[in-house]
Amino acid sequence: MLIGLVGLPNKGKSTLFNALTHSNAQVANYPFTTIKPNEGVAFATKECPHVQLGLGHCDPKNSACENGIRKIPVKVLDVAGLVSGASNGKGMGNQFLNDLSRADALIVVADASGQTDDEGNPAQGHDGRRDVEILEQELDAWFTQVVTRNAQKTKGNALSEFIESLSGLNVEKRHVMEALAENNIPENSREWNAMDLEKLAESIRKKTKPLVVAANKMDLKGDASGLEALGYPVFSTSGEMALAKQKAVKNGFANEQGGKLVPATTDPKIVSAIEKINAFGNDGVQALLDHVVFDVLNQIVVFPVEDETHYANHFGKILPDAFLLKKGSTPMDLAEKVHSDLKKGFLYAVDAKTKRRLGKDSELQDGAVVKIVSAK
């Protein structure tokens, strides 16, 4: 799973990326700071089962656990800023769009403060809705080019060849079939005209690259109300405030307690800065990521164990692993995720919480703790 961080130049993408991933991507107040895409790891959050089960602690291996909250790794990609005309190669357009082909969902970063124009230059009163609308237009134009090109190459052949030609965009058969049905487009590609291809491309884009809007720079008296009218989920964020909070804790200037910073120094400048961070409130960054992972990409978290009585692996480590799986996944899907041999020798699974046996086609629940029993 890969989440793309996208937007027009100088809207705060790299700052938000750094806040999400605790990284050090280059940040500056001018367009096209990002040339090559930055790829990092962010962490979606869920309550750890050790809290509910009253185990006192856990021993995380592939994910951290802080104050009872499990932090599950997710890949995030920060790509070069897009400008109007990107689908025709303007700016970093070709690179930008190609970099996005692997993404499963897109966070569109808009400047809710209205202080940067379409090209990312300083401005006043810029309508943040344009930040999203221009990106939509360029994505749809790019998808239309790709769909049209591949439809022409496979014209008259089996529909499966056309679908396979789009696999590089994470397009599956169900996406294409749903898009054809929704737009009343015949399955025979010989009958598709330019308007059909444009509708097909837009529908496929919406299914394979769903958008969530980050109304960023809210610390600069931003306003997200206009962005909400676009019909996408909107989260008010401040990458700057999130980073400031992280740095204060990392550098030992403050401790975090109940979501607030408590100064660990009497330095008046630092105390004043911490008061400003606390006064701003929730920076929205974590809520944004969790929404994309769990609500848009429909992921659940499952904890595989080998000892269902003690919720541990064979070393006695409690709840060592946490895996993200698509909602509706089965014990067979979990077995494959853990190790291919487990799937090959799969016999049954056990819900460690209820001690109930699960068949290979049972639907796993979010937060489930599961033992896989295998002949391998």
Side-chain angles (χ1 to χ4, degrees), residues 1-3 20-22 40-76 104-105 256 258-259 285-376:
M1 182 171 55
L2 181 66
I3 298 171
L20 283 166
T21 64
H22 295 239
V41 176
F43 296 91
T45 57
K46 280 279 184 176
E47 183 182 43
C48 185
H50 89 261
V51 176
Q52 177 193 35
L53 295 169
L55 300 176
H57 75 284
C58 63
D59 304 297
K61 184 177 69 174
N62 78 335
S63 52
C65 186
E66 296 179 0
N67 301 315
I69 301 298
R70 202 63 170 249
K71 304 176 73 172
I72 305 101
V74 180
K75 288 184 179 179
V76 179
D104 298 291
E256 187 173 357
V285 173
Q286 189 63 57
L288 166 68
L289 179 67
D290 287 346
H291 177 80
V292 174
V293 173
F294 299 118
D295 298 321
V296 175
L297 294 176
N298 294 314
Q299 300 291 302
I300 61 172
V301 186
V302 181
F303 300 80
V305 296
E306 295 168 90
D307 178 350
E308 71 272 32
T309 301
H310 299 97
Y311 308 100
N313 64 10
H314 65 281
F315 294 113
K317 300 295 185 182
I318 297 173
L319 300 169
D321 296 316
F323 288 118
L324 288 169
L325 293 172
K326 192 82 170 178
K327 192 176 292 182
S329 291
T330 67
M332 285 286 277
D333 297 317
L334 176 61
E336 183 176 30
K337 187 92 170 182
V338 175
H339 197 287
S340 58
D341 283 348
L342 281 182
K343 181 180 180 181
K344 291 176 184 176
F346 183 90
L347 297 175
Y348 62 91
V350 177
D351 183 324
K353 292 181 180 179
T354 64
K355 306 302 186 278
R356 184 170 61 91
R357 181 178 288 203
L358 304 173
K360 65 178 182 180
D361 296 324
S362 300
E363 183 174 333
L364 296 174
Q365 300 302 307
D366 190 24
V369 182
V370 179
K371 175 184 178 178
I372 301 293
V373 180
S374 174
K376 291 285 186 178

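- For the pair Cys48 and Cys65, the tightest heavy-atom approach, listed with the atom from each and the gap, is CB-SG, 3.8 Å.
- No more than 12 heavy atoms of other residues, nucleotides or ligands shown are found within 6.0 angstrom of NZ on Lys75.
- A side-chain hydrogen bond (donor to acceptor under 3.5 Å, both in side chains) check over residues 41-51, counting only residues at least two apart or in different chains, returns the pairs Thr45-Asp290, Lys46-Asp366.
- Residues that satisfy the salt bridge (charged side-chain N to carboxylate O under 4.0 Å, His left out) test with Glu256, not counting sequence neighbours, are Lys245.
- Atom-to-atom distance recorded for Ser362:OG and Arg357:CZ is 11.0 Å, nearest 0.5 angstrom.
- Counting non-hydrogen atoms of neighbouring residues, nucleotides and ligands closer than 6.0 angstrom, the NE2 atom of His310 reaches no more than 12 such neighbours.
- In this structure, OH in Tyr348 is found 6.5 Å from NZ in Lys371, a value given to the nearest 0.5 Å.
- Closest non-hydrogen pair, Ala335 versus Leu342, comes out as O-CB, 3.7 Å.
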Expected list for residues 314-323: side-chain donor-acceptor pairs under 3.5 angstrom, two or more places apart:
{"residue": "His314", "atom": "ND1", "partner": "Glu306", "partner atom": "OE1", "Å": "3.3"}
{"residue": "His314", "atom": "ND1", "partner": "Glu306", "partner atom": "OE2", "Å": "2.9"}

Self-check item: Audit row: Ser329, Lys337, side-chain contact (heavy atoms from CB on, under 4.5 Å) steps and yes/no
Solution: CA-CA 11 Å; Ser329 291; Lys337 187 92 170 182; over 6 Å; no

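- Between the NZ atom in Lys327 and the CD atom in Glu363 there is a gap of 9.0 Å [rounded to 0.5 Å].
- Within a 6.0 Å sphere centred on CG of Asn62, heavy atoms belonging to other residues, nucleotides or ligands number more than 12.
- Shown here for Leu289 and Leu20, the closest heavy-atom pair between the two residues is CB-CD2, 3.9 Å.
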Practice problem: Step by step, work out the side-chain contact (heavy atoms from CB on, under 4.5 Å) result for Val74 and Ile3. | Solution: CA-CA 8 Å; Val74 180; Ile3 298 171; 3.7 Å; yes

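- Interatomic distance, CG of Asn313 versus CG of Asp59, reported as 8.0 Å (0.5 Å rounding).
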Quiz item: When you look at Gln299 and Lys326, which way does the side-chain contact (heavy atoms from CB on, under 4.5 Å) test go after all the steps?
Solution: CA-CA 5 Å; Gln299 300 291 302; Lys326 192 82 170 178; 3.8 Å; yes

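- By the side chain to side chain donor-acceptor pair (under 3.5 Å) test, Gln365 is found to be paired with no residue, residues two or more places apart in sequence or in another chain being considered.
- Contact record, Leu324 with Met1: CD1-CE, 3.5 Å, taken as the closest heavy-atom pair.
- Atom CG of Asp333 sits about 9.5 Å away from atom CG of Asp361, to the nearest 0.5 Å.
- What you find for Val302 and Pro304 is that their closest heavy atoms are O-CD, 3.4 Å.
- Among all heavy-atom pairs drawn from Lys353 and Leu53, the shortest one is CG-CD2, 4.1 Å.
- Between atom CZ of residue Phe43 and atom CD of residue Gln286 there is a gap of 10.0 Å, rounded to the nearest 0.5 Å.
- Remark: His291 engages Phe235 in a ring-ring contact (aromatic ring centres under 6.0 Å, His included) (not counting sequence neighbours).
- Applying the salt bridge (charged side-chain N to carboxylate O under 4.0 Å, His left out) rule to Lys71 yields the partners Glu66; only residues at least two apart in sequence or on another chain are considered.
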